[in-house]
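Note sheet for the following structure.
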Amino acid sequence: MLKISTSNLRGDLTGGLTAGIVALPLALALGVASGLGPMAGLYGAIAVGFFASLFGGTPSQISGPTGPMVVVLAGLFASLSGNVELILTAVVMAGVFQIVFGLLGVGQYIRLVPYPVISGFMSGIGAIIIILQLGRLMGHEPPGGTIGALEYLPQALADINFVTLALGIGTLLIAYKWPAALGKYVPGALAALIIGTLVSLALSVPVLGDIPTGLPSIHWPTFTEGNTFLVLEAAFILAILGAIDSLLTSLVADNMTRTRHDSNRELIGQGIGNTVAGLIGGIAGAGATMRTVVNIRSGGKDRISGMTHALVLLAIVLGLSPLAAKIPHAVLAGILVKVGLDIIDWGYLKRAHTGPRWDFALMALVLGLTVFVDLITAVGVGVVLAALAYVRQVAQLQLEELNQLPEGLDDPEENELLEKAGGKVSIFSFGGPLSFGAAADLGHHVRERVRERSQVLILDFTRVPVVDVSAAMAVETITSDAQAAGRELVICGATANVIKVLDSINTHQANVRMFKTRLEALDCALRIIEDNENNSRGDSKPVNA
């Protein structure tokens with residue numbers, strides 16, 4: 001149920017106003033970087049910022065255009081030769097995908113992406129943003145795409161416009177070195193934007209030019225033959241990245257406010273915001289970490305803060321757009337370089353050499369794929385490799401837990417029965433969940449360790465809560481091996497769920513005796529051994545399971 005709290009109204013209004021001022025230069029810069037222009041950045045910040053706050057699951061979060069989303073949009077802009085309607089269609093569809101994700105409960109799974117994968121693709125996104133701005137800092141307009149921008153770099157270096165370079169670097173330095181005491185009143189990025197623009201009035205440098213004012217027009221989704229798959233693919237990537245970006249920011253907000261966000265509701269809110277953004281000509285957005293932190297530190301805690309931030313930007317659009325026309329490209333490029341540098345995970349990079357080498361290698365691989373291939377491939381490969389590595393670690397632990405019990409047991413009754421067996425019983429105790437990771441080697445380990453004199457093989461499932469189909473097939477292999485070797489197989493301690501899986505998969509299960517405790521299994525094993533001895537003397541007695 002939608003609730004808007006007014007208990008912290010003053011703090012929310014202050015936080016929203018401050019976040020709106022911080023968001024202004026970033027929205028302009030990211031709009032230009034996307035290829036759709038500065039107003040698209042502002043419209044996106046307004047739509048996503050307002051509706052994600054109104055309907056989302058993180059009350060203190062500020063949403064708007066972010067680096068990861070802009071990287072995808074810039075690539076799509078180049079692929080579609082600047083077809084604005086198709087790009088905005090991708091934004092709308094991304095919002096629809098996110099709403100579906102939220103309704104299906106996908107939010108809880110997105111949070112399972114391993115940290116090295118997140119670190120790698122975020123750092124890669126930061127690198128892409130910087131690479132795309134290098135040409136603009138030198139006074140050029142490089143082609144879209146990371147590879148194109150890198151290939152264009154030698155040409156830009158051969159013809160540097162030192163005025164734009166100095167202006168861009170100066171903007172970057174102001175944004176970084178702006179005194180914290182002044183930052184309480186004027187954020188560093190906004191100060192850099194104002195100072196850089198004022199300085200440029202005395203120079204001849206490329207500027208944004210005419211910017212429309214007033215309310216936006218509606219852009220209904222359109223599809224053209226041959227581009228539908230490209231648009232939907234870009235929309236899906238935007239939806240995934242926006243979801244990850246937003247939920248990571250939600251975790252930051254949780255830590256600062258000591259609250260807990262609703263992942264699936266947050267995805268629905270982000271989806272509604274992005275859908276509206278695409279309809280009014282805005283770029284896609286997500287939860288923005290820096291703006292969220294600024295909001296919380298300024299007193300914002302509830303939905304009103306994010307909605308206020310959006311209304312502040314709307315007021316700027318309606319009244320101050322002509323002033324934005326004089327902002328130089330080099331100034332926005334300097335601000336974007338700072339955005340890129342802030343996205344790179346320097347904290348992990350500094351400590352990576354002290355951690356596990358595999359995690360660092362995974363992060364480096366994802367970073368490289370992000371920069372030189374594409375984001376969805378990077379995340380997909382990273383998650384698959386991380387999952388396989390985890391399965392391998394778990395499988396090793398499961399195999400290490402496969403213990404052949406010693407000659408002497410702790411329980412006196414069990415120990416007495418085992419001694420009577422005279423080495424003709426082999427007991428194997430499984431530990432923890434049995435999964436497909438360990439299944440391939442399960443039968444091999446049992447086959448290697450079983451005693452040659454054993455007439456009965458006992459599998460103890462007391463510590464096994466669940467088994468999957470692969471593990472059940474491995475148990476079937478152990479069963480058939482035991483029968484081929486003339487041994488009886490006894491299973492003890494299995495839960496009802498484990499028995500159900502074994503019964504449904506193991507075709508030899510009918511010949512397996514099942515008991516609740518190891519003591520009962522040992523008692524049965526002794527009777528089997530006695531029966532075998534009687535048979536060898538010609539005096540047969542049936543064994544009751």
Side-chain angles (χ1 to χ4, degrees), residues 34 36 40 43-45 47-58 61 63-77 79-80 83-113 117-118 121 125 218-224 227-250 261-288 370 374-380 382-383:
S34 72
L36 294 178
Y43 289 148
V48 181
F50 187 86
F51 289 102
S53 292
L54 180 60
F55 296 107
T58 315
Q61 181 154 283
S63 301
T66 62
M69 310 296 271
V70 166
V71 168
V72 177
L73 287 171
L76 185 62
F77 186 88
S79 301
L80 295 175
N83 189 319
V84 175
E85 297 303 321
L86 289 178
I87 297 170
L88 294 178
T89 298
V91 175
V92 172
M93 293 307 301
V96 172
F97 280 138
Q98 287 182 323
I99 294 172
V100 173
F101 291 165
L103 294 175
L104 294 178
V106 175
Q108 57 187 325
Y109 299 106
I110 291 177
R111 295 173 61 183
L112 299 178
V113 177
V117 177
I118 294 172
F121 90 77
I125 287 168
I218 300 297
H219 299 259
W220 297 109
T222 59
F223 293 94
T224 60
N227 288 321
T228 301
F229 179 77
L230 182 63
V231 170
L232 292 177
E233 181 185 33
F236 186 75
I237 295 173
L238 284 170
I240 293 291
L241 289 182
I244 294 173
D245 209 1
S246 298
L247 295 183
L248 288 176
T249 303
S250 295
H261 72 278
D262 185 331
S263 297
N264 295 316
R265 182 172 177 177
E266 182 62 32
L267 290 184
I268 293 173
Q270 294 290 334
I272 294 172
N274 280 312
T275 301
V276 176
L279 290 174
I280 66 173
I283 63 175
T370 300
D374 62 67
L375 299 176
I376 200 68
T377 299
V379 175
V383 169

Could you walk me through whether Ile99 and Leu267 pass side-chain contact (heavy atoms from CB on, under 4.5 Å), step by step? CA-CA 6 Å; Ile99 294 172; Leu267 290 184; over 6 Å; no
Applying side-chain contact (heavy atoms from CB on, under 4.5 Å) to Leu230 and Leu76, what does each step give before you reach the verdict? CA-CA 8 Å; Leu230 182 63; Leu76 185 62; 4.1 Å; yes
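Atom OG of Ser79 and atom CD of Glu233 lie 9.0 Å apart (nearest 0.5 Å). In this structure, CD1 on Ile268 lies 10.5 Å from CZ on Phe55, to the nearest 0.5 angstrom.
Between Met69 and Ile283 there is no side-chain heavy-atom pair separated by less than 4.5 Å. Here the side chains of Leu36 and Leu88 are in contact, with some heavy-atom distance below 4.5 Å. Within the 4.5 Å cutoff, side-chain heavy atoms of Val113 are placed close to those of Val383. The shortest side-chain heavy-atom distance between Glu266 and Gln61 falls under the 4.5 Å cut-off.
Among pairs with a residue in residues 83-100, those fulfilling side chain to side chain donor-acceptor pair (under 3.5 Å) read Glu85-His219, Gln98-Asn274, at least two apart in sequence or across chains.
Across Ile125 and Gly67, no two heavy atoms sit closer than the pair CG2-C, 3.8 Å. Val276 and Phe51 make their closest contact through CG1-CE1, 3.6 Å (heavy atoms, listed as atom of the first residue, atom of the second, distance). Here the closest heavy-atom approach between residue Ala235 and residue Ala90 is recorded as CB-O, 3.3 Å. Residues Phe101 and Asn264 share a closest heavy-atom pair of O-OD1, 4.3 Å. Nearest heavy-atom pair across Val48 and Ser63 is CG1-CB, 3.7 Å. Summarising the geometry of Leu86 relative to Leu80, their closest heavy-atom pair is CB-CD1, 3.7 Å, with the distance given to 0.1 Å.
Listed by chain and residue number, Asn227 satisfy the side chain to side chain donor-acceptor pair (under 3.5 Å) test with Thr224 (two or more places apart in sequence, or in another chain). In this structure, the side chain to side chain donor-acceptor pair (under 3.5 Å) partners of Thr377, at least two apart in sequence or on a different chain, are Asp374. Remark: Leu279 pairs with Val92, Trp220, Pro221, Thr275 by the side-chain contact (heavy atoms from CB on, under 4.5 Å) rule, at least two apart or across chains. Applying the ring-ring contact (aromatic ring centres under 6.0 Å, His included) test to Phe97 and every residue at least two apart in sequence or in another chain returns Phe236.
Within 6.0 Å of atom CZ in Phe223, more than 12 heavy atoms from other residues, nucleotides or ligands are found, so the atom counts as buried in its surroundings.
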Would you mind writing out the side-chain donor-acceptor pairs for residues 239-247 within the sub-3.5 Å range, not counting sequence neighbours?
unit_1: Asp245; atom_1: OD2; unit_2: Thr66; atom_2: OG1; d: 3.1
unit_1: Ser246; atom_1: OG; unit_2: Gly242; atom_2: O; d: 2.7
unit_1: Ser246; atom_1: OG; unit_2: Gly287; atom_2: N; d: 2.9

